[in-house]
Protein chains: 2
Amino acid sequence: MTNKPATIKEIAKKLGVSTSTVSRGLHDHPSIGLTTRMRIKKVAEELNYTPNQTAIFLQKGKTFTIGVILPELSEAFFSAAISGIEDTANKKNYHVLMAQSHDNAEKEKHLVEKMKSHRVDGLIVSVSKETSSFDHFTNLRKHNIPVVFFDRIPSLDNVHYVACNMETGTIEAVTYLLKKGHRAIAMINGPSTLLASNERKEGYIKAHTKNRLKYDPSLIASCNLTEEGTIKAMDELLANKRKPTAIVAFNDYVSLYAIRYARRLNLTINKDIEFVSYANLPLINFMDHVPTASVEQHPYLQGQKATDILLDLLNNPDNAQQAFYKVIIESQLIENNKTIGSI
Amino acid sequence: MTNKPATIKEIAKKLGVSTSTVSRGLHDHPSIGLTTRMRIKKVAEELNYTPNQTAIFLQKGKTFTIGVILPELSEAFFSAAISGIEDTANKKNYHVLMAQSHDNAEKEKHLVEKMKSHRVDGLIVSVSKETSSFDHFTNLRKHNIPVVFFDRIPSLDNVHYVACNMETGTIEAVTYLLKKGHRAIAMINGPSTLLASNERKEGYIKAHTKNRLKYDPSLIASCNLTEEGTIKAMDELLANKRKPTAIVAFNDYVSLYAIRYARRLNLTINKDIEFVSYANLPLINFMDHVPTASVEQHPYLQGQKATDILLDLLNNPDNAQQAFYKVIIESQLIENNKTIGSI
DNA sequence: ACTGAGAAGTCAAACGTTTGCGTTGGTTTA
DNA sequence: TAAACCAACGCAAACGTTTGACTTCTCAGT
């Protein structure tokens, strides 16, 4: 008997009223008398009634669900981001349908289809590394499904996005090192295909010119973000005529690879060479030899903002087609306060 | 025109057939002629038809969606687990509706309600630390919503779960230390309310008796898993008449807190005192002073298994009420191969 | 030429809600 | 006292699919 969930019909029958009355009663519609309203709610309680959302979805043509497609949940950055998404979505009674592309363009395409057929109200996406065509996203506009991108933004005009400006953080980082007296500051950058790499480079250059120092291109090395790539880049930089005394690394991992390698070369961290990096991973707190500072990219905040934007788009559909949200979160240099220090 | 998604009705009208024909045609029902079937599919393609899942849900009384409630996504363990859940669910064309309890019992209750009204077909749960009453879960049985727990299992009979057996891993860990010559092996355990704590304790004891050593209760300290708690436990253990030369810590974090504290006390890691721990977090690879081994709990695998079980339960509803899946994954000691070592 | 059997479709109900529009009675207004 | 009004509720359509039951047509078998 408690087998199938109770419906509005049953509670209507039990009270000898119509289903419409029950529906309105449950929603406190003014045209339903107070007494019947109470009786309805009482029976609903007794029968343990919970509205069947799928029916409501069908009827309203909305699902109150937002789809999230991101590359890889196990990356700390993304799990923090989805945490932000989830929290703010839930606050507004929206649900989150999540899926990972595993950085596979084909899979990403499929996921978009799935989300579409699931009739998500909107989509939040951080695109896969390998995605080169964005048709599956632009097509969504025809279906009136707004999309908000975060962090990994497609090179498209007319999209909503929130991203972190790496330039300012980089300027901070380089300036921080300059103030500490470093003059030969190198950078291990990421692949030049990434927007984020360019921002870093720009920041690096601007920080130098701002401080009336000339920018030395040979102090910037690119790498593919793997450990081997990092080592290559290190070799390249250390072989330079101007041997760097500080290095800005693309992210905390690259930085840790580099530090590990530097120590293998018997360089003393923070004496022979100092590191600054990006991401500000929590693991930093447990380590002895770490970058002295790290540029925080606020993944949780990015998730929050992206959700805010999407929800706004959903509630004011007119906004979606004309103006485009381009929210830039300023990255921020954070010094690592090492409780132990390098003993 | 491409505004609202195309429906089965429109394609029926366009072809001058009935909606049922279209529906059947799209599903390759034998009673629809090959030619019309083709025409149907062609028009569907043209109109860019994607079935409205919410309508299907309503009609079938199933949502092909599984709900996942877990404490905290930002914990590496859980993000790995949900990765496993998501991947296997997607493989079978199920969707994942995710939510975090943030270790808050009240919130967890709410989430269950939400999942219910969303008519998820089933639930995968890792219970919050603070949950003491499990009614909101047991009630689900009345609604025929199967639940599979993983990792954090409620102390209930008649539930499906997959968990990692900490006992074997602990035995391995202690034996590992014994073989290395340690005789005073301590343990920093978690709260005794956790099943996982008991398993660790059992393993600890069994490892000793197996090796014909007597078990010394004063070498086991409990802590609340915070840094302060860990320090307290360390103080307690180090003050013992038999000063431990090795410590098995509840998880990698506790272990890192303990190591940090030990170093502050000028103890040399791996000489004065050695650590072994649980979780096998990736960050271990980057650190100098780490537990020499760690018990892997296979979060991804747990997620996979839990999903497999749930899907089986969904497709064979009779299974759900009688037999209860109790899948135990053996934990496994993994030595940390430090590429640097403690210089 | 008649029956029976597929083949190929159609009809309509059902899933659980919501909502515009009607329908009641009863009370106020002029 | 009739016209007007309002509170309180019922009717039925609609959302997009699926599916059991029914219809029509064609053709083979006798």
Side-chain angles (χ1 to χ4, degrees), chain A residues 2-41 43-44 47-65 93 116-121 143-144, chain B residues 3-41 43-44 47-65 93 116-121 143-145:
Chain A
T2 39
N3 215 344
K4 284 291 153 209
T7 78
I8 243 180
K9 249 185 226 169
E10 296 174 31
I11 125 169
K13 194 177 295 173
K14 201 154 215 158
L15 282 167
V17 300
S18 77
T19 61
S20 26
T21 304
V22 176
S23 172
R24 291 197 238 262
L26 290 172
H27 288 85
D28 288 317
H29 193 283
S31 89
I32 303 297
L34 183 60
T35 48
T36 31
R37 220 186 298 173
M38 298 303 252
R39 286 169 57 219
I40 289 173
K41 292 196 179 174
V43 176
L47 292 187
N48 225 300
Y49 170 77
T50 40
N52 184 331
Q53 296 288 11
T54 63
I56 299 177
F57 295 166
L58 177 57
Q59 148 67 33
K60 296 214 166 182
K62 275 193 71 174
T63 60
F64 296 96
T65 301
N93 276 307
K116 238 165 59 185
S117 78
H118 231 277
R119 296 293 189 268
V120 294
D121 292 341
H143 297 275
N144 261 335
Chain B
N3 215 345
K4 285 291 154 208
T7 77
I8 243 179
K9 247 183 226 171
E10 297 173 31
I11 122 169
K13 192 176 297 174
K14 201 154 214 156
L15 282 167
V17 300
S18 76
T19 62
S20 26
T21 304
V22 176
S23 172
R24 290 193 163 94
L26 290 173
H27 289 85
D28 288 318
H29 192 284
S31 89
I32 302 299
L34 183 60
T35 48
T36 33
R37 219 186 300 172
M38 298 305 251
R39 285 169 57 218
I40 288 173
K41 293 198 178 173
V43 176
L47 292 189
N48 224 299
Y49 169 77
T50 41
N52 184 332
Q53 296 288 9
T54 64
I56 298 177
F57 295 165
L58 177 58
Q59 148 68 30
K60 296 214 167 182
K62 275 193 71 173
T63 61
F64 296 95
T65 301
N93 276 306
K116 239 165 60 184
S117 80
H118 232 277
R119 297 291 189 271
V120 293
D121 292 340
H143 297 274
N144 262 333
I145 302 181

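In what follows, chains are A, B, ... by sequence order, proteins preceding strands, each numbered from 1.
- Against DNA chain C, the stretch residues 31-38 of chain B makes heavy-atom approaches under 4.0 Å through Ser31(B), Ile32(B), Gly33(B), Thr36(B).
- For DNA chain C, no neighbouring residue in residues 10-18 of chain A is found when judged by any heavy atom under 4.0 Å.
- Nearest heavy-atom pair, Glu10(B) versus Pro5(B), reported as atom, atom and distance to 0.1 Å: OE2-O, 4.1 Å.
- In this structure, Gln53(A) and Thr63(B) have side chains that are not in contact, with every pair of non-hydrogen atoms separated by 4.5 Å or more.
- Between atom NZ of residue Lys62(B) and atom OG1 of residue Thr54(A) there is a gap of 13.5 Å, rounded to the nearest 0.5 Å.
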Q: Evaluate the side chain to side chain contact (heavy atoms under 4.5 Å, CB included) criterion for residues His118(A) and Thr65(A): first the C-alpha distance (whole Å), next the side-chain angles of each, then the deciding distance (0.1 Å), finally the verdict.
A: CA-CA 9 Å; His118(A) 231 277; Thr65(A) 301; 5.9 Å; no
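- Here the OG1 atom belonging to Thr36(A) is positioned 10.5 Å from the CE atom belonging to Met38(A), to the nearest 0.5 angstrom.
- The shortest distance between side-chain heavy atoms of Ile8(B) and Leu26(B) falls below 4.5 Å.
- Of the inter-residue distances, the one linking Arg39(B) atom CZ with Lys14(B) atom NZ reads 13.0 Å to the nearest 0.5 angstrom.
- With hydrogens and angles disregarded, a donor-acceptor distance shorter than 3.5 Å links the side chain of Arg37(A) to the backbone of Ile32(A).
- Counting any heavy atom pair closer than 4.0 Å across all strands shown, Leu58(B) reaches a base atom.
- If you find the closest nucleotide of DNA chain C to Lys60(B) and to Ser20(B), the one lying nearer the 5' end belongs to Ser20(B).
- Here the CZ-CD1 distance, from Arg119(B) to Ile56(A), works out to 9.0 Å after rounding to the nearest 0.5 Å.
- Put simply, chain A comes within 4.0 Å of DNA chain C, heavy atom to any atom, from dC15(C) to dC21(C), going 5' to 3'.
- Residues Thr21(A) and Ile40(A) meet the side-chain proximity criterion, which asks for heavy atoms closer than 4.5 Å.
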